[in-house]
Visitor: 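Sharing a structure, written as structure tokens. Questions coming.
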Amino acid sequence: MRYQKLDNQETHWKWLYLTRKAREGVNITRYLEQSMAEDKIQQLTKLEHQTEEVKQWIENHMSLDLVIKLDQAIRAKRKRFFNAEKQTTKKKSIDLDYAVWHRLSRYSRKMKMTLSQTIMYMIDEQESKVLYESQIQAMKKNLKDLLK
């Protein structure tokens, strides 16, 4: 495993995930009866900083349909958390209009690159073009000076 598991932190992330799902109206419990489910959800909300009790609640009361989704969410959260520690692996985001993203995406597929690689390539091309133009201007100036 590449990313370290931090038990207390991951249990807190699980608690946050489950309480968010409960607020969204998803039945996070195994129980079909509404009053029983609400009772268990209230019980979970009171356990925020009690790691062992949250684990017990998850084992005893969480819906079996959420097991895989919860594991996937925690795995993604763990990856984002550890990647955010280093500047080089931290994800950055930019807002693009759909038309711009679409053109960039098409160009990336054509070049067989990722979006980030394509952007870097385009920046490098622009910088080399500016450098080339400045060299041409300097050569023209030198030629004019020589021809005088």
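Counting from 1, the numbers follow the sequence of the chain as shown. For the numbers below, each heavy atom of this structure counts, side chains included, while hydrogens, waters and symmetry mates do not.
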Visitor: Students often mix this up, so state it plainly: with edges at 30° and 60°, are the rings of F81 and W13 parallel, tilted or perpendicular?
Guide: perpendicular
Visitor: Between the side chain of R30 and the main-chain N/O of S63, is any donor-acceptor distance below 3.5 Å?
Guide: no
Visitor: Would you say that E52 contacts Q56 through its side chain, given a criterion of any heavy-atom pair below 4.5 Å between the two side chains?
Guide: no
Visitor: Decide yes or no for H12 and E48: does some side-chain heavy atom of the first lie under 4.5 Å from some side-chain heavy atom of the second?
Guide: yes
Visitor: Supply the atom-to-atom distance K14 NZ to K55 NZ, rounded to the nearest 0.5 angstrom.
Guide: 7.5 Å
Visitor: Taking all non-hydrogen atoms of both residues, which atom of L115 and which atom of S108 are closest, and how far apart?
Guide: CD2-OG, 3.3 Å
Visitor: Please tell me whether M36 and V26 are part of a single hydrophobic cluster in this structure, the criterion being side-chain heavy atoms less than 4.5 Å apart.
Guide: no
Visitor: Is W15 reaching over with its side chain to a backbone N or O of L44, donor-acceptor style, under 3.5 angstrom?
Guide: yes
Visitor: Is the ring pair Y98/W101 parallel, tilted or perpendicular, if the boundaries are 30 and 60 degrees?
Guide: tilted
Visitor: For atom CE of M120, decide whether the heavy atoms of other residues, nucleotides or ligands shown that lie under 6.0 angstrom number more than 12.
Guide: no
Visitor: For E38 and Q34, what are the C-alpha separation, side-chain angles and deciding distance, and is it a side-chain hydrogen bond (donor to acceptor under 3.5 Å, both in side chains)?
Guide: CA-CA 6 Å; E38 287 175 6; Q34 187 68 28; 3.0 Å; yes
Visitor: What is the distance from atom CG of L96 to atom CZ of R103, rounded to the nearest 0.5 Å?
Guide: 12.5 Å
Visitor: Please check this pair: side chain of Q50 against backbone of L47, looking for a donor-acceptor N/O pair closer than 3.5 Å.
Guide: no
Visitor: Any link between I94 and Y121 through a network of hydrophobic side chains (Ile, Leu, Val, Met, Phe, Trp, Tyr) touching at under 4.5 Å?
Guide: yes
Visitor: State yes or no: do Y107 and I123 share one hydrophobic cluster built from I, L, V, M, F, W and Y residues joined by side-chain heavy-atom distances below 4.5 Å, directly or via other members?
Guide: yes
Visitor: So if I apply the salt bridge (Lys or Arg N to Asp or Glu O under 4.0 Å) rule between E10 and each of R78, K77, R75, which one comes out positive?
Guide: R78
Visitor: Say you draw a straight line from CE of M111 to OG1 of T114; how long is it, rounded to the nearest 0.5 Å?
Guide: 11.5 Å
Visitor: Provide the closest heavy-atom pair for Y31 versus A37 in the form atom of the first, atom of the second, distance.
Guide: O-CB, 4.0 Å
Visitor: Got a second to check how far K141's NZ is from I136's CD1, nearest 0.5 Å?
Guide: 15.5 Å
Visitor: Count the heavy atoms of every other residue, nucleotide or ligand shown that sit under 6.0 Å from CD1 of I68, and state whether that count exceeds 12.
Guide: no
Visitor: Over all heavy atoms of both residues, which pair between T29 and K40 is shortest? Give the atoms and the distance, please.
Guide: CG2-CB, 3.9 Å
Visitor: Drop me the distance from L70's CG to L18's CG, to the nearest 0.5 angstrom.
Guide: 5.5 Å
Visitor: Looking just at side-chain N and O atoms, do E133 and Q137 make a donor-acceptor pair shorter than 3.5 Å?
Guide: no
Visitor: Counting only heavy atoms not in L32, do more than 12 sit closer than 6.0 Å to its CG atom?
Guide: no
Visitor: To the nearest 0.5 Å, tell me how far T118 OG1 sits from E125 CD.
Guide: 12.0 Å
Visitor: Side-chain contact test, heavy atoms from C-beta onward, threshold under 4.5 Å: evaluate it for R20 versus E24 and give yes or no.
Guide: yes
Visitor: Can you give me the closest heavy-atom contact between I41 and W57, atom names plus distance?
Guide: N-CZ2, 4.4 Å
